[in-house]
Amino acid sequence: MDPEPTAFRFRYLLSIIFCIFLVSCSSADVPVAQKGILDLTNWDYRSIPTFNLQGDWSFFPNTFQPDPNSEKSPEFRKIPGVWPGTGYALLKLKILLPEKHGRLAIYSKHQATAFEILINGVSAGTSGEPGTSFETSSPDNRPVYYEWDESTKEVDISFKISNFHHRLTGLWFDIRFGDARSLYKETLILRDWDLFLSGLFFMSTIYHLGLFFLRRQDRTPLVFALFCFCLFLRLFVTEEKLIQFYFPWADYPLSMNLEYLTMYAALPLGLHFLRHSFPTYFPRKWMLLFYLISFIFSLSTLFPFPIPSLPVPYFQFVFLGGVAFAIVVLLRAIIHKEQYSLVIGFAILALIVAGIFDMLAARQIIFARFIIPIGLFVAILTQTFILSSRYRDLYNEKEKLSDRLQRLNATYSRFVPISFLEFLGKEKLEDMRPGDQIKKEMTILFADIRSFTEISESLDSKESFELLNSYISEMEPLIHSNHGFVDKYFGDAIMALFPESSDDAVNAAISMQNRILDYNQRRMDQGNRAIGVGIGIHTGSLMMGLVGSGDRMESTVISDAVHLASKLEALNKYYGSNILISEDTYSKLKSPQNFLLRKLDKLKFRGKEAHRAIYELGDHLTKTEKEAFLSSKSNFERGVELFHYGKYLDSGESFREALRIYSGDRAANLYLKRCTEQIYSSNVKVQPGPDLA
């Protein structure tokens with residue numbers, strides 16, 4: 001028996017859900033545009049930092065360039081708002097700003113079905129390509145966010161919109177405007193909320209699938225798992241369009257067809273779950289009828305747009321019929337006091353209310369954010385409540401062991417990179433054995449904090465580790481975002497591998513140096529010393545695998561290429577550079593001209609028969625330094641060639657010209673010194689080159 005009273009737990013569940021609805025319905029008074037003008041002269045962005053640009057916008061149908069000399073009275077339209085059919089138009093709004101305000105921003109979700117935002121006549125972002133015909137218009141449903149600094153007292157916002165791929169034209173959703181910091185935070189919260197819910201639904205899918213495979217006699221968990229997965233996909237392709245955030249290649253037809261398919265599938269799956277709960281009151285033929293109707297509607301997604309959007313209003317009537325049928329079944333179950341009928345009825349009622357609300361929003365009868373995720377959240381909570389009562393005792397010990405195993409795997413994965421495991425062809429950490437290895441060409445990146453020993457001497461042990469951890473936490477995400485992974489930490493040094501492309505390693509190095517600038521600014525603001533980082537990059541063949549015994553193992557990389565990358569990082573100190581790449585990496589770049597590179601020297605490395613060129617990367621420099629770096633490049637590289645031909649006078653002249661253009665060029669200064677020493681070598685001891693032992 002359940003030691004905790006069911007009625008008490010159910011009331012507790014209701015209180016949580018009620019709080020969620022209260023939060024979702026909160027709002028504040030906001031200004032409204034009148035006749036194309038929004039007066040914000042009294043706007044206090046501290047108390048109301050963001051709001052919707054609602055009200056009357058100036059409307060210019062069938063044109064993107066209205067005639068300023070036209071005597072025709074301007075039209076106005078309520079925003080958000082749509083109208084049936086295809087076409088294109090320009091919507092404009094003049095905003096009167098207060099004397100003082102912060103940095104401004106605007107955010108628009110996808111509109112019907114392509115649009116471009118213009119701020120004071122300058123493009124601020126596009127979703128698709130608005131055009132004047134089906135051929136010239138390219139639909140998309142990606143959101144647009146834009147920030148800008150505006151010192152004037154007015155700002156003109158224009159929307160070029162066009163629609164030839166949907167049954168409705170116009171602005172479907174509210175346009176958010178206000179203080180940039182607050183609006184950016186708001187967009188992140190909305191996206192993270194959708195991500196949290198989608199993750200919840202996905203985990204619920206996995207959970208209920210697991211329950212079904214453990215006890216296949218009961219198909220209720222399977223149906224509910226499919227229902228949750230369908231709704232997980234729907235949340236991923238609606239609202240904040242997470243599918244296009246995480247999968248940029250997902251185009252408009254794919255996103256919209258998934259939205260329609262999940263809508264068509266959700267209804268019969270929800271009813272199927274209801275039938276499994278109360279089969280006595282739900283004839284099987286009715287369930288098959290709803291599946292057949294949904295399948296017929298789903299066939300519309302096989303046709304080109306705008307055809308798939310046309311049947312949607314008709315399916316909404318089918319949805320209402322399904323709602324009525326579900327209510328009848330629930331009432332009969334409640335009347336006959338079926339087990340869990342009240343709890344399931346509450347969950348179905350929450351889904352029905354949310355579905356009707358979203359149907360009204362989809363038909364533009366009301367303008368509000370979809371609340372179906374809240375209804376789904378309620379359904380999952382109640383279903384979990386029911387299943388936990390049925391299976392809690394049976395799986396209690398198993399769940400404890402499973403949770404411990406997951407935590408152990410998560411702990412082990414911190415010591416062995418998951419990417420390392422994947423390259424070895426292993427699916428699980430427990431499958432790894434000493435001697436597992438693979439040979440592959442990769443790009444190696446070495447990054448090291450300069451003079452770390454000197455810096456750490458002024459810190460205690462705790463502060464030294466805090467510095468290392470904060471530095472690594474800044475660098476590691478940049479490596480991952482550029483398709484690399486960290487293989488080793490050598491004290492203050494990072495060794496990262498990039499298996500896909502040398503361009504990934506170079507881009508990561510640029511991002512790391514740029515991040516160091518921000519990181520140092522924060523350190524200096526706190527009264528700490530700034531740090532410098534040298535980076536060396538080399539591409540070559542390497543062996544990666546596991547070494548150790550049965551009691552202890554460690555992942556490692558064996559290759560001369562690792563030594564060369566480490567040596568390049570060390571050479572930064574000699575040349576006064578920040579990023580050096582080898583000739584092998586340079587030759588593997590897809591488009592070297594896209595990077596700011598110059599040949600720095602020709603060196604003979606250990607184990608290499610011929611001299612190999614090394615290159616300095618300047619993409620991380622400031623704008624002024626980049627211009628000087630590029631302008632002096634030809635003189636610098638000519639000086640390097642002349643130096644290696646032994647023409648030290650001519651080489652020195654080239655480096656002097658390079659220094660005239662780029663006075664802060666430490667490498668040119670070094671070469672000029674070496675040229676002078678070579679010329680007067682009879683009287684002055686020659687400065688040796690870099691140690692490449």
If you measure from OH on Tyr519 to CG on Asn528, what distance do you get to the nearest 0.5 Å? 8.0 Å
Under the side chain to side chain contact (heavy atoms under 4.5 Å, CB included) test against Met475, which residue among Val533, Ile516, Val486 passes? Ile516
For the OH atom on Tyr184, are there more than 12 heavy atoms of other groups (residues, nucleotides or ligands in this structure) within a distance under 6.0 Å? no
Which of these passes ring-ring contact (aromatic ring centres under 6.0 Å, His included) with Phe655: Tyr648, Phe643, Tyr671? Tyr671
Going by the rule ring pair (Phe, Tyr, Trp, His ring centres under 6.0 Å), which residues pair with Tyr662 if we only count those two or more places apart in sequence or in a different chain? none
Quick check for you: to the nearest 0.5 Å, what is the distance between Phe636 atom CZ and Lys633 atom NZ? 11.5 Å
I'd like to know if the side chain of Ser473 reaches the main chain of Asn469, judged simply by a donor and an acceptor atom lying under 3.5 Å from each other, with no hydrogens or angles considered. yes
Between the side chain of Asp179 and the main-chain N/O of Arg46, is any donor-acceptor distance below 3.5 Å? no
Does CE in Met524 sit with more than 12 non-hydrogen atoms of other residues, nucleotides or ligands closer than 6.0 Å? yes
Could you give the distance from CG (Leu597) to CG (Leu580), rounded to the nearest 0.5 Å? 10.5 Å
Has Tyr645 got more than 12 heavy atoms of other residues, nucleotides or ligands less than 6.0 Å from its OH? no
Is the closest basic N to carboxylate O distance between Glu677 and Arg674 below 4.0 Å? no
Quick note, salt bridge (charged side-chain N to carboxylate O under 4.0 Å, His left out) partners involving residues 513-537, not counting sequence neighbours, are Glu454-Arg529, Glu474-Arg515, Glu474-Arg522
If you measure only the distance, is there a donor-acceptor pair under 3.5 Å linking the side chains of Ser654 and Asn635? no
Between Asp619 (side chain only) and Leu596 (backbone N and O only), is there a donor and an acceptor less than 3.5 Å apart? yes
At what distance, to the nearest 0.5 angstrom, does CG of Asn572 lie from CZ of Arg666? 9.5 Å
Exercise: do Ser502 and Thr443 side chains pair donor with acceptor under 3.5 Å: yes
Measure up the Tyr146 and Trp148 rings against each other and bin them: parallel (under 30°), tilted (30 to 60°), perpendicular (over 60°). parallel
Keeping to residues at least two apart or across chains, list the salt bridge (charged side-chain N to carboxylate O under 4.0 Å, His left out) pairs with something in residues 571-595. Glu441-Lys588, Glu583-Arg612, Asp584-Arg612
Quick check for you: to the nearest 0.5 Å, what is the distance between Ile106 atom CD1 and Leu183 atom CG? 9.0 Å
Is the shortest distance from a Lys or Arg side-chain nitrogen in Arg598 or Glu637 to a carboxylate oxygen in the other one below 4.0 Å? no
Once you round to the nearest 0.5 Å, how far does CZ of Phe490 lie from CG of Asp448? 11.0 Å
Just by distance, do the side chain of Lys626 and the backbone of Thr622 share a donor-acceptor pair under 3.5 Å? no
Distance-only side-chain donor-acceptor flag, Thr585 / Tyr615, under 3.5 Å: no
If only atom types and distance count, is the side chain of Thr205 paired as donor or acceptor with the main-chain N or O of Phe229 below 3.5 Å? yes
Using a strict cut-off of less than 4.0 Å between a Lys/Arg side-chain nitrogen and an Asp/Glu carboxylate oxygen, indicate whether Glu641 and Arg638 qualify as a salt bridge. no
Tyr489 atom OH: more than 12 heavy-atom contacts under 6.0 Å: yes
Kindly say whether Asp460 contributes a backbone atom to a donor-acceptor pair with the side chain of Glu463 at under 3.5 angstrom? yes
Side chains of Glu186 and Thr50: is there a donor and an acceptor less than 3.5 Å apart? yes
